[in-house]
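Contents: one structure, followed by commentary.
Both backbone and side-chain heavy atoms feed into the values below; hydrogens, waters and symmetry mates do not. Quick caveat: nothing in here was measured; it's all calculated off a predicted structure. A note on names: the letters A, B, ... follow the listed sequences, proteins ahead of strands, and every chain is numbered from 1.
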Amino acid sequence: MRVGILGGGRWGQALARLTMAAGHQPFIAYRDRSERPPHLLPSTNHPPEVSEACQLLIVATSASELRQAIRLAKPGPQNRVVVAGRGIEPGTGLWLTQVVEEECDAVRVGALAGPAPVEEILNGGLCAGVAASPYEEVRTQIIEALHSTRYRVYETEDLIGVQLAGAFVPVLAALVGMATSLGGAGVGLHAMVVSRGIEEAARLAKAIGANPATLSGLAGMGDLVAVQGTPSHPNFKAGAALIKGDRTQGPRSVAEALVKLAHDHGTDLPLTESMVEIWHGKDPLEAVQSLMARKATRESG
Amino acid sequence: MDSGLFQARPRETVLRDLMSRVRKGLDGLDDPALLATLEDALYCERKRLERQTPKEHELERLDRLTDALVKGSRRARLDAGMSLVEGWGEEIHGRFDPRLYRFATKALPRALTGLLSAKPDHLRDWDLSPSRRLKVTGPLTQLQQLAKEATLILAPTHLSNLDSPLMGLALYQAGLPPFVYGAGLNLFENSVLGFFMRRLGAYTVDRLKRASLYKEVLKNYSVMCLTTRHHSLFFPGGTRSRSGAIETRVKKGLLGTGLTAWQEMIAAGRKDPEVYVIPLTLSCQLVLEAATLIEDHLAEAGKQRFIISDDEFAQPRRLATFGRRVLDLDSSVVAHFGAPLDVLGRPVSLDPDERREQALRRRGYVCDVNGQVQWDEQRDRLYTDRLAEALVAAWPKGAHVMATHLVAWVGWRSLELAAGQRDPFRLIRIPTPLRRIPETLFRERLARALEAVNAGAAAGRWHTDLPSAASDILAQALDRFGRYHRSRALARQGSDLVVEDPKLCLYYRNRLLFAAPEV
């Protein structure tokens with residue numbers, strides 16, 4: 001099978017390697033020369049060629065570049081489009097699969113999520129991901145395209161849950177980065193942020209009709225564990241920078257979109273809302289104190 | 001008409017084809033699935049017949065099926081099941097006479113117009129021009145062209161048992177060919193409209209038959225209608241809206257037959273395989289069965305009756321009164337034909353060239369790279385979900401806000417404000433003094449609601465069919481409320497307006513839920 005990959009960056013190349021490990025041929029669409037992948041991988045800078053040649057397209061761009069990638073590649077009714085990115089489009093607050101449907105005629109869409117340590121994958125490390133789509137044939141195709149002894153692919157119908165997890169992880173990563181950098185804080189705060197962060201994400205999942213358990217899977221907890229183990233991760237560093245007063249980095253627009261989504265569905269996200277307040281100028285220490293001063297409540301539900 | 005549309009096919013041929021299709025489906029089931037299907041049919045039919053006077057042949061068929069299920073071979077079970085299917089097939093197709101149909105679709109719309117506006121004392125004064133009573137809007141010229149090149153499914157909202165004949169009139173006025181449709185068995189038993197039903201392309205649907213096998217027979221029949229290029233009408237809501245609101249959920253069984261028919265026609269190499277779905281929104285100042293429907297809506301959850309056989313529709317005198325006092329008014333009903341959708345719920349271009357290109361590309365949703373149809377029931381269910389969502393989104397866009405809707409909205413909102421709560425079960429019981437609204441206050445609220453409704457209409461979110469001044473809207477609504485129902489939703493008493501019948505007020509107010517204008 002030929003597997004189309006939109007995006008020739010490191011993540012696109014990692015996915016191409018996994019495709020080959022599963023016994024298939026990748027075909028990468030890259031945007032310009034600076035992004036051109038190593039010449040050993042089949043590729044083109046004419047993206048519609050990839051949509052024409054491959055039924056299955058995996059989009060390996062950042063969330064903010066996805067719309068443009070779809071416009072360039074012009075997938076059609078025959079394509080199955082799987083987004084391997086972070087859940088929500090900054091600015092619009094749309095799920096990335098919604099962006100795909102807005103920009104092209106493809107309707108059979110899905111998402112691939114989970115821990116994605118790109119360098120490890122490129123160096124032959126072992127890993128796993130989750131393929132989400134309501135379409136059984138999309139799940140089957142993505143498993144066929146990527147599942148191998150190097151990379152296990154699990155499947156779920158919970159497309160929204162997986163995209164929600166993908167959107168939450170960068171925010172939680174920034175929170176963890178902030179918690180670990182706060183003077184006097186230890187593993188207790190770290191552990192609280194991780195577990196309560198997953199809980200509030202699961203609460204939102206339930207409110208929007210997704211499966212809360214998805215947040216405890218590869219796309220949620222799995223991905224978060226991978227980010228925590230990578231201190232150089234940009235979102236982790238953005239959280240640490242917030243403590244020092246640098247409010248210019250981090251997934252601010254995604255966090256704002258999540259807060260809006262939560263309010264629209266009558267639920268709250270104390271940790272995420274605190275992050276947004278810090279980005280808006282609130283003192284981080286004061287934000288932590290406000291969180292700790294909240295009334296006691298049930299652990300879940 | 002092109003492509004043999006509406007050509008008579010012998011009854012035996014139709015039934016044989018139907019049997020063959022259903023048999024093929026049953027043959028494809030493994031033994032446990034076949035057993036489960038037939039046991040379900042047996043159980044549902046036995047339960048149904050407990051509530052009805054069974055006919056001898058029905059009992060014989062069920063006894064035969066029982067024997068086959070207990071001790072028969074697979075073949076015997078299949079034959080016994082098909083015997084049941086044969087009986088259903090005859091009932092479904094039995095009342096449909098293609099020759100009468102072709103004649104009747106030309107002559108009956110005018111006669112029906114006469115019936116609905118009958119003035120028994122002045123028979124010679126019948127005005128048979130339909131356009132005065134039923135206003136038909138939408139891209140009619142383009143739809144006429146679509147009807148020539150493709151098979152159409154008309155998907156209307158459903159308010160009243162009068163909708164079926166009104167649809168017949170609407171199609172006639174829109175310059176569209178007649179459509180076949182499934183009408184409930186109870187409608188055929190109505191003394192007045194049964195006459196028209198038998199002649200207006202209706203096949204029979206018995207909603208008391210709950211067996212999954214019966215539903216399969218109906219779906220197969222529908223696919224056969226579509227693949228033989230009979231334009232079809234489904235009410236996707238399944239039954240009349242009990243609350244008065246535009247449907248926000250639809251049943252997908254028959255709706256999915258459009259997708260099946262499209263794929264079958266592609267697989268057969270047909271040159272005209274396209275099936276398009278036309279959303280239609282019906283807006284009425286008053287609804288014949290409003291009082292019964294809202295009672296049913298408010299009945300305890302889970303006890304709503306799916307089929308109501310003792311409502312106003314079953315009373316010829318009430319029907320005639322409704323026709324005389326309501327439908328005789330100018331534009332008391334508006335049928336809006338919406339923009340066409342494909343069987344996945346995607347917009348269909350009104351430009352012929354673009355439409356041709358769309359049709360070719362659309363095949364990619366179901367065909368492989370060689371153009372062969374890839375059958376996938378799971379995918380098709382999701383495609384039909386998309387169509388259902390598109391219809392639910394399209395219906396409000398075709399709605400025409402009318403005086404009775406807007407005034408009832410303001411009336412009900414005034415009740416909510418006076419009582420300080422929104423629970424409809426409490427509001428329908430609040431004492432009369434709280435149901436009085438000073439007319440000046442009411443007019444202020446009506447003016448604000450009118451402004452919001454007009455803004456929505458200007459933005460293309462819906463339409464209005466209203467007098468321009470709020471005072472005229474109020475006068476028209478009060479006139480309409482007093483015309484037919486035994487009690488009035490709203491009435492003027494001195495310097496106040498009074499919600500006389502909160503349930504009726506709620507019913508007509510619900511029609512505006514999609515717009516929800518601030519007062």
Side-chain angles (χ1 to χ4, degrees), chain A residues 1-4 24-25 27 48-57 70 73-82 94-95 97-98 100-111 131-145 155-160 208-210 264 266, chain B residues 248-249 252 255-256 258-259 262-263 265-267 273-277 340-349 351 354-393 422 516:
Chain A
M1 174 164 69
R2 286 188 93 182
V3 179
H24 302 289
Q25 190 186 17
F27 188 20
E49 210 179 310
V50 175
S51 302
E52 188 70 29
C54 310
Q55 240 182 21
L56 177 64
L57 303 177
I70 296 295
K74 299 187 178 74
Q78 76 284 1
N79 290 118
R80 286 75 165 164
V81 182
V82 175
L94 290 172
W95 301 119
T97 49
Q98 287 180 312
V100 172
E101 291 196 48
E102 264 192 13
E103 292 295 336
C104 71
D105 287 338
V107 299
R108 284 171 283 185
V109 295
S133 175
Y135 292 89
E136 196 178 324
E137 61 168 315
V138 175
R139 301 195 301 270
T140 304
Q141 282 204 7
I142 194 79
I143 288 170
E144 192 187 342
E155 62 172 303
T156 174
E157 294 172 13
D158 189 14
L159 178 60
I160 298 300
I208 62 175
D264 289 348
Chain B
T248 53
R249 284 185 180 179
K252 294 158 194 164
L255 204 54
L259 180 60
W262 175 56
Q263 292 178 85
M265 288 191 275
I266 294 173
E274 295 311 309
V275 178
Y276 297 134
V277 182
L341 304 166
D342 67 18
V343 285
L344 283 82
R346 298 174 67 83
V348 171
S349 174
D351 174 71
E354 199 178 333
R355 194 160 59 240
R356 264 191 294 279
E357 198 183 312
Q358 277 183 337
L360 282 176
R361 279 175 61 78
R362 189 178 299 117
R363 293 186 182 203
Y365 291 119
V366 294
C367 293
D368 63 14
V369 287
N370 301 315
Q372 299 298 308
V373 171
Q374 301 298 297
W375 296 97
D376 183 341
E377 280 183 29
Q378 197 266 346
R379 174 202 66 197
D380 289 354
R381 277 197 297 278
L382 292 168
Y383 283 173
T384 303
D385 286 348
R386 298 178 66 93
L387 171 60
E389 282 171 21
L391 279 174
V392 165
R422 292 191 164 204

- Can you check side-chain contact (heavy atoms from CB on, under 4.5 Å) on B:Asp368 and A:Gln78, steps first, answer last? CA-CA 8 Å; B:Asp368 63 14; A:Gln78 76 284 1; over 6 Å; no
Query raised in the report: Going through the distances and angles, do B:Arg346 and A:Val107 end up as a side-chain contact (heavy atoms from CB on, under 4.5 Å)?
Result: CA-CA 10 Å; B:Arg346 298 174 67 83; A:Val107 299; 3.5 Å; yes
| Salt bridge or not for A:Glu101 and B:Arg386, using N-O below 4.0 Å? | yes
- Query: Hey, is CD on A:Glu52 packed in by over 12 heavy atoms from elsewhere, all under 6.0 Å?
  - Reply: no
* **Over 12 non-hydrogen atoms of neighbours within 6.0 angstrom of CD in B:Gln374** => yes
With a 4.5 Å limit on heavy-atom distance, are the side chains of A:Asp105 and B:Tyr365 in contact? yes
All heavy atoms of B:Gln378 vs all of A:Glu136, minimum pair found to be OE1-N, 3.0 Å
